[in-house]
Amino acid sequence: MSEAIRVLGLRKSFKTQTVLDDVCFTVADGEVFALLGSNGAGKTTLIKILTTLLRADGGSAAVCGYDVAKQGRRVRESISLTGQSTAVDDILSGRENLIMMAKLRHLSDPKSEAERQLAQFGLTDAANKPLSAYSGGMRRRLDLAMSMIGSPQVVFLDEPTTGLDPQGRLAVWETIRAMGKSGVTVFLTTQYLEEADSLADRIAILHNGSIVAQGLAAELKRLAPPPKLVFSFLEEGDMAQASGVLAAYDVKSEALTLTVTTDGSVGQTTEILSQLEGAGIVATFAQKPPTLEEAFLTIIREGQHEPQVCVK
Amino acid sequence: MSLKYALSDTLVMTGRVMRQVVRSLDTVITVLLMPVAMLLAMNYVLGGAMDLGGIKTADYMLSGIIMICVLSGVSYTAYRLHVDVQKGIFERFHSLPVAKSSILGGHVLTSVASNAVSVVAIVLVGLLIGFRPEAGLFGWLLVILVILLFIVAMTWISVFFGLVAKSVETVGVFAYLLLGLTFTSSAFAPPDTMPAALAAFAKYQPMTPIADSMRLLLLGGPAGNSLVIALAWCFVIAAVFWLLSVKAYGRRQR
């Protein structure tokens, strides 16, 4: 499998503030790759460097085999960028926005390319409407359609669902999944672990300018704490009694449920269950796997990671 | 090949910004109706009470009205540019294989073209209410040169402020300052009639020779020194703000 993106020891500072510190990772061709990080982690800076909008201070980065610093034009011919704010032209219709993009990509038949993307993104019916008539989700979809004009090999999406309502977010997720299936390489950033988990083949976590972890979603989850036991009760009395029985454990109570932190072993789980059974408490229970959020927090908080060392 | 793209990209960009101008009704209203209303008010309301040394009000003030029209026009140039910067549209364009010069170029060409059209409209309204130019062909060519250079100079000022403005609210402030400069020039009243300090200021600021040269040429006379000084001012302003804009533009990319 060839590499769509290779980042090696990338560094960037603004004045005295280090934004990216020795960042390394690779993205395979055709992969959906999520860069996860909180606000200010350096995600947008990284995207700007990869899309030739910013110059790095050190290290190197290649997109589709082209050096972003030296072969900017080649890189720009191979990629598209959908920035954080929806960069669509409000005064133009959806179709006009797409035709403009096709012309700027110097395509031979801008009109039919626009029609193709309108159909692909389910916007044909709204094609002639001014963008003021579009919902937030539709604007984002048009934004994504614009980024697919001219079939770029790598698509960069900077926080594609920020500011959307849940319905719009789901629609954009569908769109991104379809883009992933079409074989294009997708590099997206997000603050939402759920989003990375549901869209990406692989995830890297960027924290304070360094990649603190990367791998498959499942791999990252393994770094996280074991599943918790969640007990649901029908009556307050049962819950209070159970709290007493399980006093030796780390228990959190909330609206007729108790969440018990365990070491995940069969032994401990059996012991807890039999203690409750022995006390004659009526309850149901479920196992709650760690969310990516918990994995993320554990990795960052406990510093169980070595900062990624670049293989040069 | 890159020159071909630079041209075609600039045309696409200009087409885009032009649509923004034509389709936004409030731009058209502000840029055209405001100066026309001023022209009518100056002529019919104040005109009768004014003594402009034997020159008809419309003949005296048309050059000033043209300048006001251009200044309100370029404040929209700055606004459109600022919105593009704010909305990340520039970033999208920068990530495309387009000629970089086309991005500002589209805004500049649109500004020059749309302002030229509004100036023609103002002149036509002026003719309707009694403006009677006596310039010959050469005089008209010189007037067009002054107006175009003035539009170009004001456009580059607006590009600079559109790029560096911190918010939509502050993006048009420069235009008000320039309007103030125009009202304290010879555009609407001869400086001799002003208090001494103001008259001195009016004499040496750029708007006076620009207004004077246009008026003198339109009335059929030679414009002499004021023409040379006006062209020099416009040229210097355009060059300085072009440099400043290119620098401010580059700073956005680092």
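In what follows, chains carry the letters A, B, and so on, assigned in the order in which the sequence lines appear, proteins first and then strands, with residues in each chain numbered from 1.
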Review point. Listed by residue number, which members of residues 22-45 of chain B have a heavy atom under 4.5 Å from any heavy atom of chain A?
Key: Arg23(B), Ser24(B)

Point to revise | Nearest heavy-atom neighbours spanning Leu81(A) and Ser95(B) | key: CB-OG, 3.4 Å

Check your understanding: Should the heavy atoms of other residues, nucleotides or ligands under 6.0 Å from OH of Tyr79(B) be counted, would the total exceed 12?
Key -> no

Point to revise | Region of Asp158(A) in contact with chain B, defined by heavy-atom distances below 4.5 Å | key: neither

Exercise for review: Report yes if some heavy atom in the side chain of Leu53(A) is under 4.5 Å from a heavy atom in the side chain of Glu91(B); otherwise report no.
Suggested key: yes

Review point. Hey, which of Thr82(A), Asp89(A), Ile79(A) has the most heavy atom pairs under 4.5 Å with chain B?
Key: Asp89(A)

Exercise for review: With the side chain counted from C-beta on, respond yes when Ser147(A) and Arg92(B) share a heavy-atom pair under 4.5 Å apart, and no when they do not.
Suggested key: yes

Point to revise | Interface residue of largest heavy-atom contact number with chain A, from Ile89(B), Val83(B), Leu11(B), Asp84(B), under 4.5 Å | key: Ile89(B)

Check your understanding: Checking Ser78(A) against chain B: side chain, backbone, both or neither under 4.5 Å from a heavy atom?
Key -> neither

Review point. Looking only at heavy atoms, which of residues 90-113 of chain A get nearer than 4.5 Å to chain B?
Key: Asp90(A), Ile91(A), Leu92(A), Ser93(A), Glu96(A), Met100(A), Met101(A), Lys103(A), Leu104(A), Arg105(A), His106(A)

